[in-house]
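Some notes on the structure that comes next.
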Amino acid sequence: MGPSIKELLYESVQYLKANGVENSILDAQLILCHVLNKDRLYLTVHGHEALNGDMVTQCRQLLRQRAQGMPVQYMTGLQEFMSLPFKVTQDVLIPRADTEVLVEYVLKQYQDSDNARPLLGMDIGTGSGCIAVSLAYYIKDITVWAVDISGEALAVAKENAALNDVGDNVRFIHQDILQGIPEVRHERLLDVIISNPPYIPTGVIDTLQTEVRDYEPHHALDGGADGFRFYPAIIRQAARYLKPGGLLALEVGHDQSGDIANLIKKSGRYERIEIVKDLAGINRGICARKMHN
Ligand code: GLN
């Protein structure tokens, strides 16, 4: 007889801990849940159930990969964001709780407000589509354009729009933002543009934790030598694509908010610049309104 769920869980937590994995308990639980195809409650309620050899082997294999640094989300293929399920593959960044703060800021501007409907939004560098899909899910009467340079990422984003039943409200555009978004010319101006662009300086990527450095797509992280590769283009394009009063919402690196706020000010096209803090109190987002002139 193989070990019980409880025994394997205990062994797994010890193993992950010994290998320096931070969230050893949660990660061990998620790996077991994935292999057993059950939720976390099941592990507690059925702790004495014996596991078959195949399952134990599978768990141990995934635990080894986790110990080597692979994020558990790339094993289970899932991450929750804004209380919605998102599929993830190694073609996309794992959605972060920090980004939720920016999305919540944008939602607040449009929930129960008397903005003219329908709304048109854009998510630049959509990756998994977590931002675009959340806006489409929580804001009434909005269409969101999800833009990405990676076709592989857009395929994941498309699945996530379907998974969350907003396939009709998200439109996918395969485009490099540095080249602009020609499609906008044929449509009306946008109400909101949001982006969590790659902003990590190239030289810093090698110093990041293994989970990020060795498993997440570098083109989704790498913001060029100084980390500012994408912001000037986004700020410039957004000034052309947003309607007067339209909202620009950008996620920024932990030490970039001052510089980005200056870039936005210096462009002379925006007003009402606001900083949004993340859960750790770090300046994580910058929002501004397109001027009316
Ligand atoms: N928009 C996605 C996210 O916030 C992807 C961002 C990126 O790849 N830089 O997670």
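Note that ligands are numbered from 1 as they come in the structure, with each ligand's atoms numbered from 1 the same way.
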Open item on the list: What protein heavy atom lies closest to atom 5 (C) of ligand 1? Include the residue and the distance to one decimal.
Closed with: Gly125 O, 3.4 Å
Open item on the list: Judged on heavy-atom distance to atom 3 (C) of ligand 1, which of Gly127, Cys130, Gly129 sits nearest?
Closed with: Cys130
- [ ] For atom 2 (C) of ligand 1, grab the closest protein heavy atom and report residue, atom and distance to one decimal in Å.
- [x] Thr126 O, 3.3 Å
Task: Which segment of Thr99 sits under 4.0 Å of ligand 1 when only heavy atoms are counted - done: side chain
TODO: Could you give me the CA-CA distance, side-chain angles and deciding distance for Asp148 and His174, then say whether side-chain contact (heavy atoms from CB on, under 4.5 Å) is met?
DONE: CA-CA 5 Å; Asp148 209 287; His174 193 188; over 6 Å; no
Task: Closest approach of any protein heavy atom to atom 8 (O) of ligand 1, naming residue and atom - done: Ala220 CB, 3.2 Å
Open item on the list: Just to be sure I read this right, does ligand 1 sit under 4.0 Å from the backbone of Val92, its side chain, both, or neither, counting only heavy atoms?
Closed with: neither
Open item on the list: Need the ligand 1 atom indices (1-based, order shown) with element for anything under 4.0 Å from a heavy-atom of Ile131.
Closed with: 1 (N), 4 (O)
Task: Closest heavy-atom pair and its distance - Ile181, Tyr241 - done: N-OH, 2.8 Å
Task: From Met70 atom CE to Thr210 atom OG1, the distance as rounded to the nearest 0.5 Å - done: 12.5 Å
Task: CG on Leu119 to CG on Leu135, rounded to 0.5 Å - done: 10.0 Å
TODO: Give me the one residue out of Glu100, Glu274, Arg284 that meets side-chain hydrogen bond (donor to acceptor under 3.5 Å, both in side chains) with Tyr105.
DONE: Glu274
Task: N or O contact, Pro95 vs ligand 1, cut-off under 3.5 Å - done: no
Task: Polar proximity ligand 1 side, Asn196 side, N/O cut 3.5 Å exclusive - done: yes
TODO: Quick one: look at Ser128 and ligand 1, take heavy-atom pairs under 4.0 Å, and tell me if it's side chain, backbone, both or neither.
DONE: neither
- [ ] Say whether, by atom type as modelled, one donor and one acceptor occur between the side chain of Arg117 and the main chain of Lys140 under 3.5 angstrom.
- [x] yes
TODO: Classify the angle between the aromatic ring planes of Phe81 and Phe86 as parallel (below 30°), tilted (30 to 60°) or perpendicular (above 60°).
DONE: perpendicular
